[in-house]
Colleague: 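Take this structure first; my questions come after.
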Amino acid sequence: MRIENQHNIILENAQRLTKNISKSGLSIYDEIPIGDPDLWIPSQELELLLNEELSGLELGSLPIRTRSKVVKTKICEVLGYPVPSSFKKTKPRFLGQNFDTYTQKSNNLQIWNEDISSYRRYVLIRVSTENIITKVKVVTGDMLVSVKSPWV
């Protein structure tokens, strides 16, 4: 019962923050100070919220780039951000919450054309062989460097 209570408290806080984001009119490209009590979604809340909302999402047989856009669109909706008509190639992609997304079926995460940033968050989205999102994990760059597999 205690774990369930903690889960609910974290989820309620995440939902409060997403409502604040929605009311703010901010986009995913507007910077938010890390730790802002009204707009910054802490990693634990972010992971729980994305797991709640993305797990079970069917991606069908979409090409990888289309699949990536569908996932980013859903994340915008879940977090209370307006969906941009196209996603700018910023680093990180979700500048305001300081994270990038990686949607993949395999365990071999590869971050191309940039160094892993210790302060950036990486949202790892696991897709099953049936093209269904099964798990979301939020890790920092420091965690990525020090852990062999974040799925454990």
Side-chain angles (χ1 to χ4, degrees), residues 1-60 62 64-104 109 111 113-128 131-147 150-152:
M1 183 87 171
R2 186 174 176 181
I3 292 173
E4 187 177 315
N5 261 351
Q6 184 179 6
H7 177 275
N8 289 338
I9 290 168
I10 294 167
L11 188 56
E12 285 172 12
N13 187 48
Q15 291 167 337
R16 177 188 65 83
L17 293 166
T18 62
K19 285 179 187 172
N20 290 347
I21 290 167
S22 182
K23 289 178 190 175
S24 75
L26 293 173
S27 78
I28 63 171
Y29 307 111
D30 294 314
E31 290 191 47
I32 296 171
I34 294 173
D36 182 300
D38 297 317
L39 298 170
W40 176 260
I41 304 172
S43 294
Q44 188 175 18
E45 281 86 339
L46 182 62
E47 183 174 307
L48 182 61
L49 184 63
L50 293 178
N51 264 304
E52 289 276 328
E53 298 294 330
L54 296 181
S55 291
L57 180 65
E58 293 185 37
L59 300 173
L62 297 171
I64 291 174
R65 287 186 183 194
T66 305
R67 179 179 76 184
S68 178
K69 184 173 182 176
V70 167
V71 170
K72 286 184 280 198
T73 297
K74 182 68 174 171
I75 291 172
C76 285
E77 293 168 354
V78 167
L79 300 184
Y81 287 106
V83 177
S85 55
S86 65
F87 287 90
K88 297 177 189 175
K89 293 191 184 273
T90 60
K91 293 184 181 184
R93 188 73 66 170
F94 286 79
L95 193 61
Q97 296 293 332
N98 193 32
F99 71 81
D100 282 313
T101 60
Y102 295 87
T103 305
Q104 46 187 85
L109 176 64
I111 298 172
N113 302 321
E114 65 181 296
D115 292 331
I116 292 175
S117 171
S118 61
Y119 65 90
R120 186 177 301 167
R121 299 187 290 179
Y122 297 84
V123 174
L124 311 178
I125 302 163
R126 178 66 139 192
V127 179
S128 70
N131 297 311
I132 297 171
I133 294 177
T134 58
K135 186 170 186 170
V136 178
K137 191 86 173 154
V138 176
V139 297
T140 62
D142 284 341
M143 292 170 72
L144 274 179
V145 170
S146 66
V147 176
W151 300 110
V152 178

Colleague: Can any side-chain N or O of Thr66 pair as donor or acceptor with the backbone N or O of Leu62 at less than 3.5 Å?
Modeller: no
Colleague: Is there a side chain to side chain contact (heavy atoms under 4.5 Å, CB included) between Ile125 and Thr101? Walk through the geometry before answering.
Modeller: CA-CA 7 Å; Ile125 302 163; Thr101 60; 4.3 Å; yes
Colleague: Using modelled atom types only, decide if a donor and an acceptor are shared between the side chain of Ser24 and the backbone of Ile21 within a distance under 3.5 Å.
Modeller: yes
Colleague: Quick check: closest heavy atoms across Pro84 and Ile28, and the distance to 0.1 Å?
Modeller: CG-CD1, 4.3 Å
Colleague: Output every pair passing salt bridge (charged side-chain N to carboxylate O under 4.0 Å, His left out) with a member in residues 93-103, not counting sequence neighbours, ordered by first then second residue.
Modeller: Asp100-Arg120
Colleague: Only distances under 3.5 Å count here; give the side-chain donor-acceptor pairs of residues 35-48 to other protein atoms, sequence neighbours excluded, each with its distance to 0.1 Å.
Modeller:
from, atom 1, to, atom 2, distance (Å)
Asp36, OD1, Asp38, N, 2.8
Asp36, OD1, Leu39, N, 3.0
Ser43, OG, Arg121, NH1, 3.3
Glu45, OE2, Asn13, ND2, 3.0
Glu47, OE1, Val138, N, 2.9

Colleague: Main chain of Lys69, side chain of Thr73: is a donor-acceptor contact present, judged purely on distance under 3.5 Å?
Modeller: yes
Colleague: As an exercise, state the distance from CD of Glu31 to CG of Asn98, rounded to the nearest 0.5 Å.
Modeller: 9.0 Å
Colleague: Please walk me through it: do Leu49 and Val136 pass side chain to side chain contact (heavy atoms under 4.5 Å, CB included)?
Modeller: CA-CA 9 Å; Leu49 184 63; Val136 178; over 6 Å; no
Colleague: Pairs in or reaching into residues 75-97: which pass ring pair (Phe, Tyr, Trp, His ring centres under 6.0 Å), with residues at least two apart or in two chains?
Modeller: Phe94-Phe99
Colleague: For atom CD of Glu58, decide whether the heavy atoms of other residues, nucleotides or ligands shown that lie under 6.0 angstrom number more than 12.
Modeller: no
Colleague: Distance check, rounded to the nearest 0.5 Å: Gln97 atom CD versus Ile34 atom CD1?
Modeller: 9.5 Å
